[in-house]
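As structure tokens, the structure follows; a few thoughts come after it.
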Amino acid sequence: MADLLPEHPDFLWRNPEPKSSYDVVIIGGGGHGLATAYYLAKNHGITNVAVLERGWLAGGNMARNTTIIRSNYLWDESAAIYEHSLKQWEVLPEELDYDFLFSQRGVLNLAHTLQDVRDSVRRCEANRLNGVDAEWLDPDQVKEVCPIINTGDNIRYPVMGATYQPRAGIAKHDHVAWAFARKADELGVDLIQDCEVTGIVKDGNRVTGVRTSRGTIAAGKVALCAAGHSSVLAEMAGFDLPIQSHPLQALVSELHQPVHPTVVMSNHVHVYVSQAHKGELVMGAGVDSYNGYGQRGGFHVIEEQMAAAVELFPIFARAHLLRTWGGIVDVTPDASPVVSKTPIDQLYVNCGWGTGGFKGTPGAGWTMAHTIAHDEPHEYNAPFALERFSTGALIDEHGAAAVAH
Amino acid sequence: MILISCPNCGSRDETEFHYGGQAHVPYPEDPNTLSDEEWGRYLFYRENTKGIFAERWVHSSGCRKWFNVLRDTVTYRIAAVYRTGEPRPTLDGDPQ
């Protein structure tokens, strides 16, 4: 029997008219923008804050991701911010007083080649040195964790083992957004939907407000949390970002009895799949190769993904595809995010989470709020500043990012 | 799946091609004179246009030649295809 979704009240937040001025204006009412607002209020006592959303709350990538949460990244800098994020996931349901079905069912990252095996074992060791739970499983152990995987050698790329992070899992994405939204609203944050930012107002090199479809709003500080549209906002503000926006697609099957107990990801044949609480199989594809802002991609990308999924999981062969969709992901050259000050005073940017932003929601919000409040980065996001693209101190996570870029 | 008109082979499926990102990005004339910031910009910064974008494609499963495309990154519709080395064509509605 699939778990029942929690009941929720009709209205979780006010829908206030925008005031003429705020201490902080956050552009983008997705998970990251809402988490930033929440932590600004909770950790720093800054509550004269507006979150501006051009559509409806959490209707962009927050509504379109595959809800995977994990922290098994390779480098120390990544382990720090993603593990901090995972630790927040573990306390947030109680802290936000909202059961958003965070389920720590573990994640398997499969290896299909000798090089995969070497990279994966290395990543496990690196994870453990950083206090991230990780173990290397051989094919028989993989089969124990997830009995429906074909671990035989009758497929093109047999499973040679997997890394396993037991504390990883999934959560109900829109409930996560609503949980942050309700708490931020209670703390005094104005959540303003249907309010598109059309310009950034500056006085010299200092940001002083934003022009919007609902009038000009003055702001002491402005934070960009717009994922796929970050470059468009940065251009309005007069600076550039090392970001390319791509379509990323995902899909669900019709509902099934629980058959898939964990989360499985494979870089090599390119599948990532879990089974949501309601029972649908949730799968993500790779990015479409070209730049795109269209929130849709090519069907051949879906086709390739499903072929790989059926080979790995023969039981899926008769599952029907119910729905596919696309979001716009903001990809950086090193597959690591940018949580940073900008060349404009009092203007901050959180972007570049690419194909893996959902898991980073609390970590992004936590560090972004700190950066805004102190005009200085938190120790966890200092390495993720824009400066790394001129110093060369990149944090290359293409191996752990798991989605083909 | 978008259809792309290769200047050499004609109209083919997108899956025959590979993407090359922004077109008209010249290699710096003298890289040794660049500052770290300038070199970083050359390496890591590309335009991320919402709208008509000049980009490179290579017909990997055909003539294996690179060429340029003007494509709308919102509708994905291709507005023009032109050979490498040719200037970016002017479209109706471009600012004069």
Side-chain angles (χ1 to χ4, degrees), chain A residues 54 226-236 239-247 249 286-304 326 328-336 338 343 351-352 354 385-396 404-405, chain B residues 1-6 11-25 28 31 33-61 66-81 88 95:
Chain A
R54 71 181 185 134
H229 275 81
S230 297
S231 301
V232 177
L233 288 171
E235 193 184 346
M236 286 179 198
F239 71 104
D240 294 316
L241 288 169
I243 294 277
Q244 299 282 285
S245 294
H246 288 269
Q249 300 179 82
V287 298
D288 281 69
S289 68
Y290 48 75
N291 288 24
Y293 284 88
Q295 291 189 319
R296 62 198 168 79
F299 193 72
H300 63 277
V301 178
I302 299 281
E303 208 173 0
E304 205 171 289
I328 316 167
V329 296
D330 39 338
V331 176
T332 56
D334 59 357
S336 283
V338 172
C351 67
L386 278 170
E387 282 72 25
R388 75 180 189 270
F389 299 102
S390 48
T391 63
L394 301 187
I395 304 164
D396 182 355
H405 290 87
Chain B
M1 181 79 74
I2 54 181
L3 281 176
I4 301 171
S5 291
C6 170
S11 184
R12 302 289 181 87
D13 282 350
E14 174 195 338
T15 45
E16 291 193 10
F17 299 83
H18 279 98
Y19 189 58
Q22 186 190 344
H24 310 296
V25 182
T33 62
L34 298 189
S35 65
D36 288 353
E37 285 70 26
E38 289 166 332
W39 182 240
R41 284 194 70 83
Y42 169 69
L43 283 183
F44 300 124
Y45 284 75
R46 292 293 180 270
E47 284 174 21
N48 191 19
T49 309
K50 185 178 183 183
I52 296 288
F53 186 50
E55 61 190 19
R56 303 166 76 223
W57 288 84
V58 60
H59 194 185
S60 343
S61 308
W66 286 93
F67 57 95
N68 296 332
V69 170
L70 291 184
R71 190 180 55 92
D72 188 320
T73 58
V74 179
T75 64
Y76 306 162
R77 201 160 286 145
I78 290 174
V81 174
R88 176 178 170 146

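A note on names: the letters A, B, ... follow the listed sequences, proteins ahead of strands, and every chain is numbered from 1.
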Legend entry - Partners passing salt bridge (charged side-chain N to carboxylate O under 4.0 Å, His left out) against A:Arg388 (at least two apart in sequence or in another chain): A:Asp334
Inset, instruction - Check salt bridge (charged side-chain N to carboxylate O under 4.0 Å, His left out) between A:Glu387 and all other residues, then give those that pass, not counting sequence neighbours. - result: none
Inset, instruction - Among A:Ser230, A:Gly392, A:Gly298, A:Gly294, single out the residue with the greatest number of heavy-atom pairs under 4.5 Å to chain B. - result: A:Gly294
Inset, instruction - Considering only heavy atoms and a distance below 4.5 Å, find which of A:Pro247, A:Gly297, A:Ser245 pairs most often with chain B. - result: A:Ser245
Legend entry - Backbone of A:Ile395 reached by a side-chain donor or acceptor of A:Ser336 within 3.5 Å: yes
Sort out for me which of [options] touches chain A most, counting heavy-atom pairs under 4.5 Å.
options                            : result
B:Tyr45, B:Trp57, B:Trp39          : B:Tyr45
B:Glu37, B:Glu38, B:Gln22, B:Glu55 : B:Glu37
B:Thr75, B:Asp36, B:Ile2           : B:Asp36

Legend entry - cation_pi(B:Arg46, B:Phe44) dist<6.0 Å, angle<=45: no
Inset, instruction - With side chain to side chain contact (heavy atoms under 4.5 Å, CB included) as the test, would you mind laying out the steps for A:Asn291 and B:Asn48 before giving the verdict? - result: CA-CA 7 Å; A:Asn291 288 24; B:Asn48 191 19; 3.6 Å; yes
Legend entry - Proximity breakdown for B:Thr49 and chain A, heavy-atom pairs closer than 4.5 Å: backbone
Inset, instruction - Determine the interplanar angle of the B:Phe17 and B:His59 rings, folded into 0 to 90°, and report it as parallel if under 30°, tilted if 30 to 60°, perpendicular if over 60°. - result: parallel
Inset, instruction - Check whether A:Phe299 gets within reach of chain B through its side chain, its backbone, both or neither, counting any heavy atom under 4.5 Å. - result: backbone
Legend entry - Contacting region of A:Leu241 [heavy-atom separation from chain B under 4.5 Å]: backbone
